[in-house]
Each structure stands twice: as C-alpha cells, then as structure tokens.
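Note: hydrogens, waters and symmetry copies are ignored here, and every other heavy atom, side chains too, is used. Counting convention: from 1, in listed order, for ligands and their atoms alike.
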Amino acid sequence: MTEKTSLWGGRFSGGPADALARLSVSVQFDWRLAPYDIAGSRAHARVLAAAGLLDPDELGQMLAALDDLEAACASGEFRPTIDDEDVHTALERGLLERLGTLGGKLRAGRSRNDQVATDLRLYLRDHARGLAVALVELADALTEQAALNVNTAAPGMTHLQHAQPVTFGHWLLAHVQPLLRDLERLRDWDSRAAISPLGSGALAGSSLPLDPAAVAKELGFTAPAPNSMDAVADRDFVAEFLFVTALIGVHLSRLGEEVVLWTSTEFGWVELDDAFATGSSIMPQKKNADIAELARGKSGRLIGGLVTVLTMLKGLPLTYDRDMQEDKEPAFDAIETLGLLLPALAGMISTMTVRVDRLAAATPVGFSLATEVADWLVRRGVPFREAHEITGQLVALCSVRGCELEDLTDDDLKTVSGHLDPSVRNVLTVESALASRTTPGSTGPGPVADQLATVQHKLDSWRQWAVEKVVPR
Ligand code: ARG
C-alpha cells in the first residue's frame with residue numbers, strides 16, 4: 001500500500017500541513033477502539049445488505065474481510081501507521097487492502113461521528129466489567145481480612161482522635177461498603193450508556209433505509225438513540241464514567257491514607273508483606289507503603305480526568321465538534337490507572353498482617369470508654385445532657401491525676417456524682433463496650449458477622465455481573 005488512505009480530501013487541493021496532521025492524529029490512542037469499531041462495521045454491513053445496498057456475495061466477502069482484519073489487529077500483524085489519522089481511517093485502509101473497491105461500500109450511511117460515539121460506548125461498557133472484576137478482588141481482600149478480625153478490638157476514631165472502641169473487622173468493611181456502591185454506580189451507569197448512536201450518521205440520520213434497531217441489538221445495546229443530533233453530541237456517558245472512576249479514586253485514597261497510618265511506627269497496627277512494600281535507597285531500615293501512597297496520589301489524575309472532560313464539553317455547540325476527540329485519553333487513562341492500582345491494593349491488603357496485640361493495647365487509650373459511662377447513666381434514667389457532663393468531669397479528674405477511668409476510686413465516683421456507683425466499672429471494658437453494640441450496622445461482633453455475610457453474598461452477585469459479555473458474539 002503506497003497511497004495514503006484518507007476518509008476525506010475530495011474537495012481539498014493538497015494534503016494537510018504537517019503541523020495540522022500532527023495535531024489532528026488520534027490513532028496513537030484511539031487504536032484501542034479497533035475491535036469495537038470492527039464489531040460496529042459487521043453490524044453495519046448486515047443492515048446495508050438488508051437494505052439491498054450490498055448483495056449476499058458482497059456481504060459474505062465483507063464479513064470475511066472484517067474477520068480477517070480483526071484477527072490481524074489482534075495478532076499485531078495489522079498495525080496503524082502514522083499516516084492513519086484515526087482508528088476509523090486505519091481500519092478502512094485494512095478493509096481496502098483486503099477487498100479493493102468493495103471495501104469503500106461500508107462507509108455508506110455512516111460517519112465517524114456516530115462511529116466514534118458507538119465505539120467509545122462499547123469500549124467503556126466492556127471495560128466497566130473489567131473494572132468491576134478488579135473492584136470485587138479488592139473488596140474480597142478486605143472482606144477476608146475483616147472475617148479474621150470480627151472480634152479484634154480497635155480504637156475507632158473521629159477527627160483522627162480516639163473516639164470509641166470498634167472491631168477492626170467493622171473498620172475494614174467500612175472500606176468495602178463504598179466499593180459496593182461504586183459497583184452499583186457502574187451498573188447504573190451501564191444501563192444509561194447502553195444506547196446505540198449508529199444510524200445517526202454525521203448528525204441527521206441517513207437517507208438510506210438502514211435499521212438502527214437491528215444494529216443496536218447486534219451490538220448488545222438496549223435501544224437505538226432517540227435523537228441523531230444528541231447521539232453524536234452526547235458525551236454524558238464519558239463524564240459519568242469518569243465521575244465513577246474519580247470517586248473510586250477518592251475511596252482508594254482514603255484506604256491508602258489509613259494504611260499509611262496503620263503501618264507507621266507510631267500506630268504499628270499492620271505489617272505489610274515484603275512483596276507489597278518498598279525500601280529506601282539510603283535508609284536500610286525503611287519499609288514503605290508505596291502502594292498505599294500511590295492510591296492516595298493517583299486520585300489526583302482520576303479527578304483531573306473528570307474535570308478535563310466536563311470542561312471540554314462546557315459550552316460546545318451541537319452537534320459533533322473536534323474538541324470531543326479529547327474525551328478519550330482521560331477515559332483510557334482512568335481505566336489503565338485503576339487497572340494497575342486495584343490489583344496492587346488487593347495484593348497488599350490480602351497479604352498484610354494485622355497486629356491484634358497492638359490494636360488491643362491502643363483501644364482503651366484516650367478515654368475511649370467515656371461514652372460507655374454516659375450510656376450507663378442514661379440507662380439509669382439520667383438525661384444524656386447531664387450524663388455527658390458527669391462523664392466529662394470524670395475525664396477531667398483522670399487527666400489531672402494521669403490515670404484511666406477504671407482507676408478512679410469509689411469515693412471519686414461518688415464525689416463527682418451521686419448517680420455513679422462502683423458497678424459502672426462493668427461497662428469500662430473494651431469487651432463489654434463491643435458486646436453491647438448489637439443493633440444492625442453497629443460495630444459489635446454479632447452485627448459485624450451479619451454484615452460480613454451480606455457483603456459476601458453481594459460480592460458473589462457482582463462477580464457474575466462482571467463477567468457478562470457486552471457485545472454478544
Ligand atoms: N478522531 C475523531 C474523534 O475522536 C473521530 C471523529 C472525527 N469526526 C470528524 N468529523 N472529524 O472524535
């Protein structure tokens with residue numbers, strides 16, 4: 001092939017300037033869309049044949065050439081060249097190489113505008129499943145660690161200060177719940193993304209008797225787009241997808257930050273496996289939680305991708321504008337970023353060792369049982385406002401004395417309030433604090449075991465969704 005393939009040029013006197021060509025080319029990133037573009041071409045060839053625009057023999061040749069081209073793309077035997085402006089141009093060249101002039105028939109009734117919107121929907125729908133698989137793996141790792149720590153006491157915090165005892169299993173599951181919501185968001189997004197733009201042409205539909213519903217069905221979409229102008233102008237599906245990935249990034253950053261804290265010498269609650277930690281080039285003793293830090297750091301680019309696409313879309317006139325070519329790299333980057341991050345996090349979590357002894361020692365520190373005293377008073381009819389005040393006085397007394405609540409004498413208790421008596425000490429243990437948390441969703445071992453079972457059940461159903469095929473073939 002010596003002639004350069006271009007999808008336009010009839011009305012132009014010369015070729016494009018190098019500077020234009022270099023700016024305009026997108027094939028270096030949109031080549032990822034090739035298998036989806038070919039799936040769309042197959043569906044389009046069939047409706048052209050149904051409309052009598054390809055005879056049965058031509059359709060047979062077209063489909064065989066598309067199969068061959070698909071295999072050649074997959075094996076790497078067919079590659080885009082720097083002269084191919086985009087994936088659509090490269091694939092038309094591949095088709096012309098195989099079919100000669102017959103290859104030129106496929107573009108009838110179709111435009112890169114409806115093609116690219118279709119390809120990107122298919123690509124993202126497909127990769128949303130891959131993302132779901134990786135999310136489930138991380139959720140599994142957290143859930144398995146939670147199962148080992150249903151009874152492990154930990155110092156629950158607010159404002160990063162010791163607040164109330166919790167079970168570490170509950171804490172770990174608190175990182176699983178956002179991931180379950182992310183999975184729901186992906187599936188919910190998918191139902192809106194499952195609309196087929198093919199048949200919209202450049203913007204106005206086609207004068208040829210095509211069948212957008214048949215194309216939509218073949219490509220696994222639920223319906224063809226109801227408005228051809230909207231179909232080629234709409235990138236909500238990209239922005240929404242990037243919101244989901246940005247929020248996943250934020251969730252992972254919060255998990256990452258906690259692992260950084262937990263593995264610090266000051267906390268020492270968790271020890272990372274050597275395979276999932278890094279060392280320092282100068283300080284031989286260092287063991288760093290780089291995966292957790294990268295989880296924190298990569299949230300920036302995930303949020304940036306969303307901002308990039310929303311800003312690009314803002315104020316664009318209908319319908320297609322070339323600005324929209326900028327929608328793809330952030331989406332690809334989000335998928336690739338999470339594709340690297342999620343397995344690393346899953347490995348780090350599943351291999352970490354929880355230091356139950358260190359957690360137990362830290363749990364009662366910082367008067368974390370003070371609320372137990374206040375609740376004890378409430379059970380005896382003292383209004384919470386007063387109970388809070390009395391308990392505060394106990395804490396103040398301990399602070400002055402440098403002791404813990406359980407060290408106060410019977411006399412101390414009496415002096416602070418006539419409502420107090422020595423039996424209050426029964427609630428001043430971490431075990432009793434945890435055991436008393438029996439309401440659904442709370443941190444006691446009972447409700448946590450229930451939560452664990454529900455989470456495991458949900459993850460099983462997500463595992464099934466994640467392997468569903470988008471393009472039925
Ligand atoms: N590379 C383009 C994109 O990503 C494909 C559509 C081009 N359409 C056009 N009319 N120039 O958006």
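A salt bridge does not link Glu85 to Arg93: none of the charged nitrogens lies less than 4.0 Å from a carboxylate oxygen.
Counting heavy atoms from C-beta on, the side chains of Ser368 and Pro155 never come closer than 4.5 Å. Contact check for Leu247 versus Arg185: side-chain heavy atoms found under the 4.5 Å cut-off.
Protein heavy atom nearest atom 1 (N) of ligand 1, with residue, atom name and distance: Gln325 OE1, 2.8 Å. The protein heavy-atom contact nearest to atom 5 (C) of ligand 1 is Asp86 OD2, 3.7 Å. Closest protein heavy atom to atom 10 (N) of ligand 1: Asn113 OD1, 3.1 Å. The shortest contact between atom 11 (N) of ligand 1 and any protein heavy atom is with Arg112 NH2, 3.8 Å.
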*Report the C-alpha distance between Ile248 and Leu338 in whole Å, list the side-chain angles of each, state the deciding distance to 0.1 Å, and finish with yes or no for side-chain contact (heavy atoms from CB on, under 4.5 Å).*
CA-CA 9 Å; Ile248 292 171; Leu338 290 173; 3.9 Å; yes

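Close to ligand 1: Lys328, with a non-hydrogen atom less than 4.0 angstrom away.
For ligand 1, the polar-atom distance check against Tyr320 finds a nitrogen or oxygen pair separated by under 3.5 Å.
Under a 4.0 Å criterion applied to the non-hydrogen atoms of Ser26, ligand 1 contributes the atoms 1 (N).
Listed for the Thr152 side chain is no donor-acceptor partner under 3.5 Å among the backbone atoms of Val356.
Once rounded to the nearest 0.5 Å, the distance linking CG of Asp321 with CG of Leu313 reads 9.5 Å.
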